[in-house]
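First the structure, in the form of C-alpha cells, and then the observations on it.
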Amino acid sequence: MFASDTKGQFSRVVKNWNTRYDLEEFITASGLPPLEAREIFAKYGPYKADLDRLIRARAPTGAEKAK
C-alpha cells in the first residue's frame, strides 16, 4: 500500500474529528443544566466527538425511560 492510498483512507474515516463546541453551544446541545454542562465541558474539553460520546452514554435507555 502506498502512503497516498493510506492518506485518502484515513481522511475519510476521521473527518471532522477536531470540531469543537463553545461552552454556550454545548449547554444548548447537551440539554443538561448549565452548571452540570459547564463541569463536563471543563473536564473533558471542547471536542464535539468526545462530548457527544459522553452525552450519548449518559442518555437513558428505553427500559430506563419507561420507569
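Note that the structure is predicted; figures quoted are calculated from it, not measured. Atoms considered below: every heavy atom in the structure, side chains included; atoms not considered: hydrogens, waters and symmetry mates.
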Nearest 0.5 angstrom please: [X] [atom1] to [Y] [atom2], how far?
X     : Y     : atom1 : atom2 : value
Phe41 : Leu32 : CZ    : CG    : 13.0 Å
Thr28 : Leu23 : OG1   : CG    : 9.5 Å
Asp50 : Lys43 : CG    : NZ    : 13.0 Å

Query raised in the report: Is any NZ, NE, NH1 or NH2 atom of the basic residue among Arg38 and Glu24 found under 4.0 Å from an Asp or Glu carboxylate oxygen of the other?
Result: no
Query - Polar contact flag, side-chain donor to acceptor under 3.5 angstrom, Asp52-Tyr47 - result: no
Looking at [X] and [Y], what are the two nearest heavy atoms and their distance?
X     : Y     : answer
Ala29 : Tyr21 : CB-OH, 3.8 Å
Glu25 : Lys48 : OE2-NZ, 3.5 Å
Leu51 : Gly45 : CD1-O, 3.2 Å

Query raised in the report: Within a strict 4.5 Å, meaning less than it, do heavy atoms of the Phe26 and Ile40 side chains meet?
Result: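 The answer is yes, as the side chains (C-beta and beyond) meet within the 4.5 Å cut-off.
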